[in-house]
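Comments concern the structure below.
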Amino acid sequence: AEVVRLPLDLGCLNDELLTELAQRFEPEEIERMRDKKDRLASRLYEKKIDEVLSDEEEQLRRCAYCHKHFTDEQRDWESCLKAPVLVDFHGNAIAEHVANKGWSVSAWVAQCRKGKAHSARELFWRIWSLTH
């Protein structure tokens with residue numbers, strides 16, 4: 001956080017160094033960072049987005065029926081209100097989210113970034129809340 005206050009051009013930080021910096025920061029630390037000119041925080045959030053989305057256990061998907069975002073773990077315990085109801089071999093009614101095969105998380109993130117509807121910070125916390 002002290003680095004942000006120095007009169008340095010942080011635009012020259014390469015991708016590899018930004019990735020390493022992002023790995024050293026917890027999201028809460030970036031949140032507390034006082035970066036009034038946004039010289040570093042947004043770039044760290046962008047790297048954190050990539051970090052969250054690269055986690056195979058937390059892979060984000062979109063339901064073909066209700067269009068809600070979910071992870072495989074969430075699919076196990078959360079039912080889909082618009083999915084067809086099936087009966088399992090124990091006689092329980094189940095309605096599971098089904099991943100939309102044509103949906104791409106990277107395309108969705110790119111669309112969110114391109115639309116500028118969300119800052120890098122807002123997009124990170126949205127993705128984090130969907131995967132945790």
**Study point:** Pairing of Glu20 and Arg24 as salt bridge, 4.0 angstrom limit
**Key:** yes

Check your understanding: Are any side-chain N or O atoms of Glu29 and backbone N or O atoms of Glu26, one a donor and one an acceptor, separated by less than 3.5 Å?
Key -> yes

Point to revise | Approximate separation, where rounding is to 0.5 Å, of Leu123 CG and Ile49 CD1 | key: 4.0 Å

Practice item. First locate atom CG of Asp76, then atom CD of Glu96, and finally report the distance between them rounded to the nearest 0.5 Å. Key: 7.0 Å

**Study point:** Contact list for residues 54-68, test side chain to side chain donor-acceptor pair (under 3.5 Å), sequence neighbours left out
**Key:** Arg61-Asp72, Lys68-Glu78

Exercise for review: Might you point out which heavy atoms bring Asn14 and Leu17 nearest each other, and give the distance in Å?
Suggested key: OD1-N, 2.7 Å

Practice item. Determine whether more than 12 heavy atoms belonging to other residues, nucleotides or ligands lie under 6.0 Å from atom CD1 of Ile94. Key: yes

Review point. If you group Ile, Leu, Val, Met, Phe, Trp and Tyr by side-chain heavy-atom gaps below 4.5 Å, do Val98 and Leu86 land in one group?
Key: no

**Study point:** Heavy-atom pair of closest approach, residues Ala120 and Ser42
**Key:** CB-O, 3.6 Å

Exercise for review: Flag yes if more than 12 heavy atoms outside Glu31 fall under 6.0 Å of its CD atom; otherwise flag no.
Suggested key: yes

Check your understanding: In chain order, what residues pass the side chain to side chain donor-acceptor pair (under 3.5 Å) check against Ser104, with sequence neighbours excluded?
Key -> Ser106

Review point. Which distance, rounded to the nearest 0.5 Å, do you find between the CG of Leu53 and the CH2 of Trp108?
Key: 8.0 Å

Study note, to complete from the structure: Residues pairing under ring pair (Phe, Tyr, Trp, His ring centres under 6.0 Å) where one sits in residues 83-102, two or more places apart or in two chains, turn out to be Phe70-His97

Point to revise | Glu122 atom CD: more than 12 heavy-atom contacts under 6.0 Å | key: yes

Check your understanding: Taking the side chain as C-beta and beyond, is there a heavy-atom pair between Asn92 and Val87 under 4.5 Å?
Key -> no

Review point. Do the side chains of Ile127 and Val109 get nearer than 4.5 Å, heavy atoms only?
Key: yes

**Study point:** Path from Leu81 to Leu130 over hydrophobic side-chain contacts below 4.5 Å
**Key:** no

Review point. Under 4.5 Å between any side-chain heavy atoms of Arg113 and Glu46, yes or no?
Key: yes

Review point. Backbone N or O of Phe25 within a donor-acceptor pair of the Lys48 side chain at under 3.5 Å?
Key: yes

Review point. Nearest 0.5 Å, what's the CG-NZ distance between Leu18 and Lys47?
Key: 6.0 Å

Check your understanding: Quick check, are the ring centers of His132 and Trp125 under 6.0 angstrom apart?
Key -> no

Review point. Roughly how far, to the nearest 0.5 Å, is the SG atom of Cys112 from the CZ atom of Arg126?
Key: 5.5 Å

Review point. Should we count CD of Glu16 as having more than 12 external heavy atoms under 6.0 Å?
Key: no

